Amino acid sequence: MKLDFIKQIMSEFDQSNVTKMKVEIDDLKIELEKESEKVEYVKPVEKEKKVVVEEPIKPMQTAGTPVKSPIVGVFYSASSPESEPYVTVGKTVKKGDIVCIIEAMKVMNEIKAPCDGTVTSILVENEALVEYDQALMVIE
């Protein structure tokens, strides 16, 4: 019975693409090896690749003092949707004036002007999500 089993394994091994095989069943151990057939690999034709070079984003350099967000939250330019914005471009502010609100965890945090000057740009839109230390506006 073992001889028939061994012949069957050998026959199937010869007909397969397998080049080396070890079989262990109880006290029966068979090791079969044959020279591998030369396999020729055909290199696939690659599609033409397009290289897109993106210019690095340069931080916006503006003159003046940036007003930065001290926390992550939602930027509000006014105290309520019906109210006028605290500041607009061209408005003169004094150090300590409220310039916007950042809402974080349902708490409205008033952001104050760090210096006297004129608001030269507002860098975020109303109700935008802002990151910690993100410039919100510039006072010159």
Side-chain angles (χ1 to χ4, degrees):
M1 174 136 150
K2 285 187 180 179
L3 186 59
D4 290 338
F5 179 69
I6 294 170
K7 286 180 179 177
Q8 182 184 359
I9 289 176
M10 289 175 65
S11 173
E12 289 185 22
F13 176 75
D14 283 338
Q15 294 171 9
S16 72
N17 292 333
V18 177
T19 58
K20 192 172 190 178
M21 181 172 80
K22 290 184 183 182
V23 178
E24 291 186 33
I25 301 172
D26 297 327
D27 63 335
L28 176 67
K29 294 180 184 178
I30 303 171
E31 287 187 35
L32 301 171
E33 188 173 342
K34 62 183 173 185
E35 286 187 33
S36 63
E37 295 177 20
K38 186 176 180 182
V39 178
E40 199 172 304
Y41 291 99
V42 178
K43 185 177 178 181
V45 176
E46 293 185 22
K47 291 183 179 179
E48 186 178 317
K49 294 181 181 178
K50 292 183 181 179
V51 177
V52 178
V53 178
E54 295 181 11
E55 295 203 20
I57 298 171
K58 296 177 183 172
M60 206 164 72
Q61 294 184 1
T62 55
T65 304
V67 177
K68 295 185 175 185
S69 178
I71 52 177
V72 174
V74 178
F75 172 87
Y76 291 105
S77 60
S79 59
S80 71
E82 301 84 30
S83 301
E84 291 293 316
Y86 287 110
V87 295
T88 55
V89 173
K91 182 172 182 184
T92 302
V93 294
K94 297 278 185 197
K95 182 177 181 177
D97 286 353
I98 298 170
V99 293
C100 65
I101 292 175
I102 302 293
E103 177 189 5
M105 297 175 23
K106 304 291 180 194
V107 176
M108 300 299 187
N109 300 278
E110 295 177 340
I111 308 304
K112 297 179 180 178
C115 60
D116 294 347
T118 303
V119 177
T120 55
S121 62
I122 298 175
L123 307 172
V124 292
E125 293 184 27
N126 192 43
E127 298 182 6
L129 182 63
V130 294
E131 299 291 326
Y132 167 76
D133 208 34
Q134 178 179 344
L136 307 171
M137 60 187 69
V138 177
I139 298 174
E140 216 174 275

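Just so it is clear, the structure is predicted and the values come from calculations on it, not from any experiment. Only heavy atoms go into these numbers, but all of them, side chains included; no hydrogens, no water, no symmetry mates.
Between Val87 and Ile98 the shortest heavy-atom distance is CG1-O, 4.5 Å. Between Ala78 and Pro85, the closest heavy-atom pair is CB-CA, 3.9 Å. Heavy atoms only, all atoms of each residue included: Ala104 and Ile71 are closest at CB-CD1, 3.7 Å. When all heavy atoms are compared, the tightest approach of Tyr132 to Val72 is N-CG2, 3.6 Å. Nearest heavy-atom pair across Pro66 and Pro114 is O-CG, 4.3 Å.
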side-chain contact (heavy atoms from CB on, under 4.5 Å) between Thr19 and Glu33: does it pass, once the steps are laid out? CA-CA 6 Å; Thr19 58; Glu33 188 173 342; 6.0 Å; no
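The closest donor-acceptor contact from the side chain of Lys22 to the backbone of Lys29 lies at 3.5 Å or more, if one exists at all.
Of the inter-residue distances, the one linking Leu136 atom CG with Ser121 atom OG reads 10.5 Å to the nearest 0.5 angstrom. Cys100 SG to Ile102 CD1: the interatomic distance, rounded to the nearest 0.5 Å, is 4.5 Å. Ile139 contributes atom CD1, which lies 5.0 Å from atom SG of Cys115 (distance to the nearest 0.5 angstrom). Remark: Lys68 NZ to Glu131 CD distance equals 13.5 Å, nearest 0.5 Å. Atoms CE and CD, on Met10 and Gln15 in that order, are 12.0 Å from each other to the nearest 0.5 Å. Atom OG of Ser77 is separated from atom CD of Glu125 by 10.5 Å, given to the nearest 0.5 angstrom.
You'll find the side chain of Ile111 stays beyond 4.5 Å of the side chain of Ile101, heavy atoms only. The shortest distance between side-chain heavy atoms of Glu140 and Thr120 falls below 4.5 Å.
By the criterion of side-chain heavy atoms lying less than 4.5 angstrom apart, applied directly or through intervening Ile, Leu, Val, Met, Phe, Trp or Tyr residues, Leu123 is not grouped with Val130; the two fall into different hydrophobic clusters. Residues Val138 and Val89 do not share a hydrophobic cluster, clusters being chains of Ile/Leu/Val/Met/Phe/Trp/Tyr side chains in contact below 4.5 Å.
Applying the side chain to side chain donor-acceptor pair (under 3.5 Å) definition to pairs two or more places apart or across chains, those involving residues 95-116 are Tyr76-Glu103.
By the side-chain hydrogen bond (donor to acceptor under 3.5 Å, both in side chains) test, Glu127 pairs with no residue at all, sequence neighbours left out. Under the side-chain hydrogen bond (donor to acceptor under 3.5 Å, both in side chains) criterion, Gln134 pairs with no residue, sequence neighbours left out.
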